[in-house]
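Quick notes on the structure that follows.
Naming convention: chains lettered A, B, ... in sequence-line order (proteins, then strands); numbering from 1 in each chain.
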Amino acid sequence: GAVVSQHPSWVICKSGTSVKIECRSLDFQATTMFWYRQFPKQSLMLMATSNEGSKATYEQGVEKDKFLINHASLTLSTLTVTSAHPEDSSFYICSAIRGLAGSEQFFGPGTRLTVL
Amino acid sequence: QKEVEQDPGPLSVPEGAIVSLNCTYSNSAFQYFMWYRQYSRKGPELLMYTYSSGNKEDGRFTAQVDKSSKYISLFIRDSQPSDSATYLCAMSLGYGQNFVFGPGTRLSVLP
């Protein structure tokens with residue numbers, strides 16, 4: 001299957017700092033990537049849809065200024081959590097769509113963020 | 001009514017059993033149907049995807065889609081302890097459209 005990587009896999013930061021998470025499709029181009037958030041024992045919650053070359057589309061209730069998304073190329077999308085607070089601690093997962101029909105979505109391994 | 005419903009489990013079965021996982025959905029416009037497996041503290045892994053109604057088999061896994069009943073299933077034959085994970089169903093309206101996920105079913109296969 002296609003490979004999607006995320007970096008870093010785990011990050012601890014102090015409250016008030018910003019953290020950038022990278023999502024890369026390693027062996028295919030992805031015009032569309034998604035960013036999800038997952039709390040323990042809960043399913044994925046879509047945060048935003050990232051389209052290459054255009055502004056991200058955020059889901060209701062997700063703060064655009066807090067979760068900055070940049071899809072600079074067909075293989076890279078970044079999520080920056082600005083001025084992080086302990087309540088932002090979570091598991092962040094990206095995914096990328098492969099194929100002309102957009103029928104396959106491949107997930108990254110996730111990034112665990114802990115804000116102290 | 002939630003858009004996609006899935007029994008959260010947990011579901012415990014003995015090794016070698018046939019496992020049946022199911023999801024129901026309300027939006028008849030969904031065209032693509034997927035099953036993902038997620039191990040603890042890992043990202044979801046795509047297991048199966050199907051377009052429209054029908055069956056699809058891959059090794060020990062069989063996915064079924066019944067659009068008339070708005071019901072999809074994943075069958076796991078000869079289940080193994082390594083199959084213990086959370087299984088998420090997902091569906092999409094089409095190209096570039098967001099996928100809607102079920103809440104996931106936690107499966108434990110006991111040796």
Side-chain angles (χ1 to χ4, degrees), chain A residues 1-7 9-10 21 23-25 28 30-52 54 56-60 62 71 90-114, chain B residues 2-11 21 23 25 29-54 56 58-59 61 63 65 72 85-108:
Chain A
V3 179
V4 174
S5 70
Q6 271 183 252
H7 178 80
S9 57
W10 184 47
I21 303 170
C23 177
R24 293 181 185 273
S25 56
F28 66 100
T31 55
T32 301
M33 292 184 173
F34 299 108
W35 286 95
Y36 295 88
R37 189 173 178 177
Q38 186 181 37
F39 293 103
K41 297 187 179 181
Q42 295 187 28
S43 189
L44 299 169
M45 182 191 77
L46 177 67
M47 298 175 67
T49 302
S50 172
N51 294 297
E52 187 268 338
S54 64
T57 303
Y58 290 82
E59 294 299 299
Q60 193 172 10
V62 178
H71 196 151
S90 189
F91 193 49
Y92 292 87
I93 304 176
C94 74
S95 69
I97 289 186
R98 182 183 76 171
L100 292 176
S103 59
E104 295 177 286
Q105 183 176 185
F106 295 91
F107 288 84
T111 297
R112 187 163 302 280
L113 170 64
T114 301
Chain B
K2 291 182 180 178
E3 204 164 12
V4 178
E5 307 232 24
Q6 186 177 6
D7 186 340
L11 176 64
L21 303 167
C23 284
Y25 61 95
F30 285 131
Q31 297 186 65
Y32 296 100
F33 304 90
M34 281 70 58
W35 285 96
Y36 290 85
R37 177 175 63 193
Q38 185 179 23
Y39 292 109
S40 180
R41 295 175 172 265
K42 301 288 185 182
E45 168 195 8
L46 177 65
L47 284 178
M48 304 279 287
Y49 78 94
T50 53
Y51 172 71
S52 196
S53 287
K56 188 172 183 178
D58 184 0
F61 299 94
V65 174
I72 68 172
T86 295
Y87 289 80
L88 299 153
C89 65
M91 40 206 79
S92 168
L93 296 174
Y95 176 74
Q97 298 292 310
N98 173 43
F99 288 26
V100 180
F101 286 85
T105 299
R106 282 190 294 141
L107 171 68
S108 292

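In terms of heavy-atom proximity, A:Leu44 sits nearest to B:Pro44 at CD1-CG, 3.8 Å. Closest non-hydrogen pair, B:Phe101 versus A:Gln105, comes out as CZ-NE2, 4.5 Å.
Counting only heavy atoms from C-beta outward, the side chains of B:Leu46 and A:Arg98 never approach each other to under 4.5 Å.
A search for salt bridge (charged side-chain N to carboxylate O under 4.0 Å, His left out) contacts involving B:Glu45 returns B:Arg37, not counting sequence neighbours. Residues satisfying the salt bridge (charged side-chain N to carboxylate O under 4.0 Å, His left out) test with A:Arg24, not counting sequence neighbours, are A:Glu22.
Rounding to the nearest 0.5 angstrom, the gap separating the CG atom in B:Leu88 from the CD atom in A:Gln38 is 7.5 Å.
Interface residue B:Gln38: only side-chain heavy atoms are found under 4.5 Å from chain A.
Heavy-atom pairs under 4.5 Å with chain B peak, among A:Thr111, A:Thr57, A:Leu46, at A:Leu46.
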